[in-house]
2 protein chains.
Amino acid sequence: MSSTNSYLADVLKSMAQATRLKIVEFLRDGERCVCEIFPAIDEEQSNTSRHLAYMQTHGILSRRKEGVKIYYAVKHPEVFEIVDRATAIVKREVEMRSELINVMERG
Amino acid sequence: MSSTNSYLADVLKSMAQATRLKIVEFLRDGERCVCEIFPAIDEEQSNTSRHLAYMQTHGILSRRKEGVKIYYAVKHPEVFEIVDRATAIVKREVEMRSELINVMERG
DNA sequence: TTCTTATATGACTATACAATCATATATGCC
DNA sequence: GGCATATATGATTGTATAGTCATATAAGAA
């Protein structure tokens, strides 16, 4: 299923980037419009717009139009679960590495 | 915590690529040496070696030397959980899109 | 219709990434 | 030491990606 793998990779890529992670974090509280998102994550409007489009195209964000404003939201709860598990990995890695440093310092 | 975001992104990037996903899938059954991995996933030895190094550097694979052979294994169970959740997203997306096509075909 | 605000996009630059080929290094065996 | 096998890496190429700036488009308000 290598074609499936390519869709899988695209979904994961939609989260595997610092700016996009900031967007996902900000959307934990629910739907937000672009004009709220880009100041909150401290990125340019155009850059934010591109990332939002990318994430929507790859199926992890929903998009809703209301007048001039466009509201984006995280579409699948698994997105947060994935970020949380990746965070757990980072945390454990940091712990493991600092333990290793302690062991080395003791000789 | 934007510096944390960058580590997080790196961990997710370690899975967000078709060849690396093939490696993760193959390692579901446990530790394997490079000489078993690259024929199984049908990639060049050198390319496989680079991806394995990348994944180990970013903390998602462990590496063990035994004679000439190097054994790699998935280090954190969360890696599989992440892939499984991403798979669930892809599956749901495919379902949603095919439903949409059905609705459109009915007018 | 004109102005303002919100969002998207074209053109560009710089950087990162994946893959390949050839070669280097390491280990064990004879 | 010389050879075979396993793995890693340098050099290169082509492609993808992130970010920026300027501009286009769309909607609503005056």
Side-chain angles (χ1 to χ4, degrees), chain A residues 2-27 31-74, chain B residues 2-27 31-74:
Chain A
S2 221
S3 59
T4 301
N5 255 6
S6 141
Y7 285 108
L8 243 190
D10 284 343
V11 164
L12 289 166
K13 270 181 199 157
S14 300
M15 292 161 242
Q17 204 274 344
T19 303
R20 295 202 279 268
L21 284 170
K22 289 198 279 181
I23 292 173
V24 169
E25 275 318 309
F26 184 64
L27 293 180
E31 194 186 53
R32 289 281 182 276
C33 70
V34 183
C35 59
E36 295 172 296
I37 299 171
F38 81 85
I41 66 170
D42 194 33
E43 291 288 338
E44 293 235 338
Q45 181 272 322
S46 63
N47 192 30
T48 305
S49 175
R50 273 183 221 284
H51 282 298
L52 291 168
Y54 184 99
M55 295 161 91
Q56 197 248 329
T57 301
H58 292 94
I60 77 157
L61 296 186
S62 62
R63 197 187 117 111
R64 187 174 66 85
K65 201 171 185 166
E66 192 180 305
V68 223
K69 297 190 178 176
I70 310 283
Y71 289 85
Y72 286 94
V74 171
Chain B
S2 221
S3 59
T4 301
N5 256 6
S6 141
Y7 285 108
L8 243 190
D10 284 343
V11 164
L12 289 166
K13 270 181 199 157
S14 300
M15 293 162 239
Q17 205 274 343
T19 304
R20 295 203 279 268
L21 284 170
K22 288 197 280 181
I23 291 172
V24 169
E25 276 317 308
F26 184 63
L27 293 180
E31 195 187 52
R32 290 280 183 276
C33 69
V34 183
C35 60
E36 294 172 296
I37 299 171
F38 81 86
I41 66 170
D42 194 31
E43 292 288 338
E44 292 235 337
Q45 181 272 321
S46 63
N47 191 31
T48 306
S49 175
R50 274 183 219 284
H51 283 297
L52 290 168
Y54 184 99
M55 295 161 90
Q56 197 248 328
T57 301
H58 292 94
I60 77 157
L61 296 186
S62 62
R63 198 186 117 112
R64 187 175 65 86
K65 200 169 185 167
E66 194 180 302
V68 224
K69 297 190 179 176
I70 311 282
Y71 288 86
Y72 286 94
V74 171

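Per chain, numbering begins at 1; letters A, B, ... match sequence-line order.
Separating the CG atom of A:Leu21 from the C1' atom of D:dA18 is a distance of 14 Å, rounded to the nearest angstrom. Atom CZ in A:Arg32 sits roughly 16 Å away from atom P in C:dA6 (whole-Å rounding). Whole-Å rounding puts the A:Phe38 CZ to C:dA8 C1' distance at 13 Å. With rounding to whole Å, B:Tyr71 atom OH is found 15 Å from C:dT27 atom P. One interatomic measurement links the two molecules: CD1 of A:Ile37 to P of C:dA6, which rounds to 13 Å at whole-angstrom precision. Separating the CZ atom of A:Arg63 from the C1' atom of C:dA6 is a distance of 11 Å, rounded to the nearest angstrom. In this structure, the CD1 atom of A:Ile70 is 14 Å from the C1' atom of C:dT9, given to the nearest Å.
Every residue two or more places apart in sequence or in another chain that forms a salt bridge (Lys or Arg N to Asp or Glu O under 4.0 Å) with A:Arg64 is listed here: A:Glu31, A:Glu66. The salt bridge (Lys or Arg N to Asp or Glu O under 4.0 Å) check on A:Glu44 picks up nothing, with sequence neighbours excluded. Remark: B:Glu36 engages no residue in a salt bridge (Lys or Arg N to Asp or Glu O under 4.0 Å) (not counting sequence neighbours).
Under the 3.5 Å distance criterion, the side-chain polar atoms of B:Lys69 are left unmatched by any main-chain donor or acceptor of B:Cys33. Here the side chain of B:Ser49 pairs no donor or acceptor atom with the backbone of B:Gln45 at under 3.5 angstrom.
Contact of the A:Gln17 side chain with the A:His51 side chain is registered, since non-hydrogen atoms from C-beta on lie closer than 4.5 Å. Here the side chains of A:Met55 and A:Val24 are in contact, with some heavy-atom distance below 4.5 Å.
Applying the salt bridge (Lys or Arg N to Asp or Glu O under 4.0 Å) rule to pairs touching residues 9-20 of chain A yields nothing, sequence neighbours excluded.
Among the atoms of the strands shown, only primed sugar atoms or phosphate atoms (P, OP1, OP2) are found under 4.0 Å from some heavy atom of B:Tyr72.
Overall, the helix from C:dT1-D:dA30 to C:dC30-D:dG1 carries an axis bend of 10° between its ends, with five pairs at each end and the value rounded to 10°.
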*Indicate for each nucleotide in nucleotides 17-26 of chain C, in 5' to 3' sequence, whether protein heavy atoms under 4.0 Å reach the base (B), only the sugar-phosphate (S), or nothing (-).*
-SBBBB---S

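The CD1 atom of A:Ile37 lies 10.5 Å from the CD1 atom of A:Ile70; values are rounded to the nearest 0.5 Å.
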